[in-house]
Amino acid sequence: MSADASNDPRPHDAEPREPGQAAREPRDFVRQAIDGDRANGRNDGSVHTRFPPEPNGYLHIGHAKSICLNFTLAQEYGGRCNLRFDDTNPTKEEQEYVDAIQDDVRWLGFDWDGLYFASDFFQQLYDHAVQLVKDGLAYVDSLTTEEIREYRGNLYKPGRNSPHRDRSVEDNLRLLEQMKNGELDEGAAVLRAKIDMAHPNMNMRDPLMYRIRKAHHHRTGDAWCIYPMYDWAHGQCDSYEGITHSICTLEFEHHRPLYDWFIEKLGIHAPRQIEFARLQLTYTVLSKRKLLELVKSGRVSGWDDPRMPTIRALRRRGYTAASLRAFCDHIGVAKFDAVHDVGLLEHFLREDLNKTSARRMAVLDPIELVITDWTEGQVDEVDVQNNPEDPSAGTRKVPFSGRVFVERDDFREDAPKKWFRLAPGQEVRLRAAYYVTVHTVEKDADGNVIRLLASHDPASRGGSTEDGRKVRGTIHWVSAEHAVDAEVRLYDRLFSVENPNRVDDGADWMDHIDPDSLRVVAGCKLEPSLAATEPLERVQFERVGYFVVDPVDSAPGAPVFNRTVALKDSWAKLEKKLQGAG
Ligand code: ATP
Ligand code: MG
């Protein structure tokens, strides 16, 4: 395990918990099943899991859930966890995805015991297919795809046997060999398991094992002209790797009888398949197909667009691995589909960033505040705490001068009730610097405020006075002559509806993309310490939110900041309450 991975062996819950609520018994159904197997001495009590992505796209937060589950189970039980690429579909898979997936798993804080590719087992799978043919349990079918579908029947109608079902073993072996050698055209034949065409479970109606695909494979090149189907490859690979618990998502529940059938007929090590519900999140989509559509249509800038739910994008957005792990741990595993509120994910993110992010001052929508009683040209260096949550983070010097930028939104000419920030005649603390009071408001010809003139109290240096007089409002600021200009990208949720997968207003799901999910703000003013930042450095802009240095578009001396997540907006809440009250 890499250093920052959680080794926390707490029991996990079947039921979601309140944020911050301690873990409690009972153990979830996955752990109960494993406990039971160990008590029965199955596999000598050992636990070996795997995470089996198909390298046909980037991982998303749904995969993170599966990764956390599989790797933490191995940790908890002192077992092992493999990373296996399910690379059985040569036309959709690429090395680029293989590399990115490994990188993302490591970033999440996990390291695999064994690294495998389903393609490592192509020969072994073929040999086992030959064994099933010899045992009279598989046959080559020459029906067309349409005919196969038609013969299969449906839920209410049993299927019919293919006219090729009773081919001799010799014929089947010869045809399978021809399929393998590329002597037959794509679609001319398939290998099928011989089970039961009237089985109530459609997956058991002579499922396909191999199809002909004369495609180049990113690892095996042109060595193979036939490729195994998921159902034929997956369980056997689990078995070959010695997997004890094959954990997958609920849609494979009806595949389990087939999974077990192959293993039993081959007489090889039997892993146990356990299914859990896929993670679904509000305001996003979690399917590689849809994510690919978003990328291809240009609605997002790429797989790593910070609004995407991919691990790439979450990284670029400023998410921490610890927050993703805490979220996955918290929601636990369930047997029923539930959509989780993305607000819960953001809760865990804020909780982590609050502890770890350095505070900095940045003004996103600046207006100038001129201190009219400041000594011309004087620069004061004030000490500002780096993280009030963590005194060991120390302080830094921030230059203060007679001209500072403050947020336009921190000034109201007609102050509402309970407004403690800037307003004419109201004393306010400039964070860690001085108390100031606005006395004059300068406007342009259209009545827009362009400058505030204020006086200051020299005795309030550092942010308090000896007389202990009460100043309720504290705002952030940046010295105008020292400010660094930067572009800031305010990201929000990609979709404007909770469940873009399920809107039946006739519109396309992509029409629900929120056009305000990205707002680019140029000319933001940052305190000078932010001139030198590292890509992916995370900071809290005080009173504004958590931000990260964009690793793609930042240049030396010209950082671009992405908003990771806003702070909880306490004024907006209070304002709403006050409006509600009257
Ligand atoms: P998608 O539908 O997004 O393409 P997939 O299931 O086809 O997902 P795979 O690469 O085959 O993607 O998945 C690898 C593993 O991750 C599988 O075990 C799968 O069950 C699991 N997984 C995929 N999506 C989710 C999800 N939303 N929640 C939990 N586990 C998931
Ligand atoms: Mg899949």
Side-chain angles (χ1 to χ4, degrees), residues 12 16 28 30 49-74 81-89 92-94 96-102 104-105 108 110 112 115-119 218 228-231 233-235 237-238 241 243 245-256 259 271-296 303 308-314 324-325 327-340 342 345 499-501 509:
H12 290 60
D28 62 61
V30 174
T49 56
R50 87 285 171 267
F51 171 65
E54 186 181 347
N56 63 347
Y58 289 91
L59 298 181
H60 53 61
I61 186 167
H63 296 112
K65 163 144 196 178
S66 173
I67 293 167
C68 289
L69 179 61
N70 280 294
F71 281 94
T72 34
L73 284 172
C81 182
N82 290 355
L83 174 61
R84 177 189 332 129
F85 288 99
D86 176 23
D87 57 348
T88 53
N89 207 346
K92 289 187 182 159
E93 295 157 5
E94 289 171 33
E96 176 194 344
Y97 298 132
V98 170
D99 296 338
I101 288 169
Q102 295 189 43
D104 284 345
V105 173
L108 270 172
F110 299 106
W112 43 90
L115 175 65
Y116 292 96
F117 292 81
S119 54
H218 70 109
M229 305 298 291
Y230 173 89
D231 283 321
H234 201 88
C237 290
D238 283 343
E241 290 177 30
I243 301 304
H245 296 88
S246 174
I247 296 163
C248 61
T249 38
L250 278 183
E251 68 270 25
F252 292 104
E253 197 168 8
H254 298 297
H255 295 243
R256 189 174 356 120
Y259 184 106
R272 172 169 178 187
Q273 178 180 302
I274 304 174
E275 309 87 14
F276 72 101
R278 294 176 87 83
L279 170 70
Q280 300 180 78
L281 264 191
T282 53
Y283 299 101
T284 193
V285 291
L286 291 183
S287 111
K288 273 184 266 184
R289 185 179 59 75
K290 285 189 172 169
L291 297 177
L292 185 62
E293 252 180 274
L294 286 170
V295 173
K296 283 206 169 139
W303 286 98
M308 292 277 274
T310 56
I311 309 281
R312 302 261 109 174
L314 294 169
L324 292 181
R325 289 197 306 264
F327 170 73
C328 291
D329 176 61
H330 173 87
I331 59 178
V333 285
K335 261 289 187 198
F336 49 87
D337 283 313
V339 184
H340 288 279
V342 69
L345 175 62
N499 191 345
N501 297 302
W509 62 274

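Treat the numbers as computed from the prediction; the structure is a model and nothing was measured. Starting from 1, each residue takes its place in the sequence as its number. The analysis underlying the following values was restricted to heavy atoms, covering all of them including side chains, and did not include hydrogens, waters or symmetry mates. Note that ligands are numbered from 1 as they come in the structure, with each ligand's atoms numbered from 1 the same way.
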S.K.: Identify the heavy atoms of L59 and F51 that sit nearest to each other, and give their distance.
M.R.: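 Scanning both residues completely, I find the closest heavy atoms to be CD2-CZ, 4.0 Å.
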S.K.: Counting only heavy atoms, which portion of F51 has something under 4.0 Å from ligand 1: side chain, backbone, both, or neither?
M.R.: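 The answer is the side chain of F51.
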S.K.: Measure the spacing between CG of D104 and CD of Q102 and express it to the nearest 0.5 Å.
M.R.: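 It comes to 10.5 Å.
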S.K.: When rounded to the nearest 0.5 angstrom, what is the spacing between CD1 in I61 and CD1 in I311?
M.R.: 6.5 Å
S.K.: Which is closest to atom 12 (O) of ligand 1 by heavy-atom distance: H63, H60, H234?
M.R.: H63
S.K.: Mind checking whether K288 has an N or O less than 3.5 Å away from an N or O of ligand 1?
M.R.: yes
S.K.: Under 6.0 Å between ring centres, would you say that holds for Y58 and Y97?
M.R.: yes
S.K.: Could you list which atoms of ligand 1 come closer than 4.0 Å to a heavy atom of P52?
M.R.: 14 (C), 18 (O)
S.K.: Taking only heavy atoms of S287, which atoms of ligand 1 are found under 4.0 Å from at least one of them?
M.R.: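 What qualifies from ligand 1 is 3 (O).
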S.K.: Which is closest to atom 1 (P) of ligand 1 in terms of heavy atoms, E54, R278, E275?
M.R.: R278
S.K.: Out of all atoms in ligand 1, which are within 4.0 Å of some heavy atom of P53? Include the element for each.
M.R.: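 Answer for ligand 1: 10 (O), 14 (C).
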S.K.: Is there a polar contact between ligand 1 and T249, counting only N or O atoms under 3.5 Å apart?
M.R.: yes
S.K.: The criterion is side chain to side chain contact (heavy atoms under 4.5 Å, CB included); which residues satisfy it with T284, sequence neighbours excluded?
M.R.: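 T284 satisfies side chain to side chain contact (heavy atoms under 4.5 Å, CB included) with L281, L286, P309 only.
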S.K.: Out of the candidates E275, R278, H234, only one should pair with C248 under the side-chain contact (heavy atoms from CB on, under 4.5 Å) rule; please name it.
M.R.: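 Going through E275, R278, H234 one by one, the side-chain contact (heavy atoms from CB on, under 4.5 Å) with C248 is satisfied by E275 alone.
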S.K.: Which distance, rounded to the nearest 0.5 Å, do you find between the NE2 of H340 and the CG of L279?
M.R.: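 Those atoms lie 6.0 Å apart.
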S.K.: Counting each atom of ligand 1 from 1 as listed, which ones have a heavy atom of S66 under 4.0 Å away?
M.R.: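 Answer, ordered by atom number: 16 (O), 21 (C), 30 (N).
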S.K.: Is any N or O atom of G62, backbone or side chain, closer than 3.5 Å to an N or O atom of ligand 1?
M.R.: yes
S.K.: On a heavy-atom basis, I'd like to know which of N89, L279, I61, N70 is closest to atom 27 (N) of ligand 1.
M.R.: L279
S.K.: Angle class for the Y230/H255 ring planes (parallel below 30°, perpendicular above 60°, tilted otherwise)?
M.R.: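 Y230 and H255: perpendicular rings.
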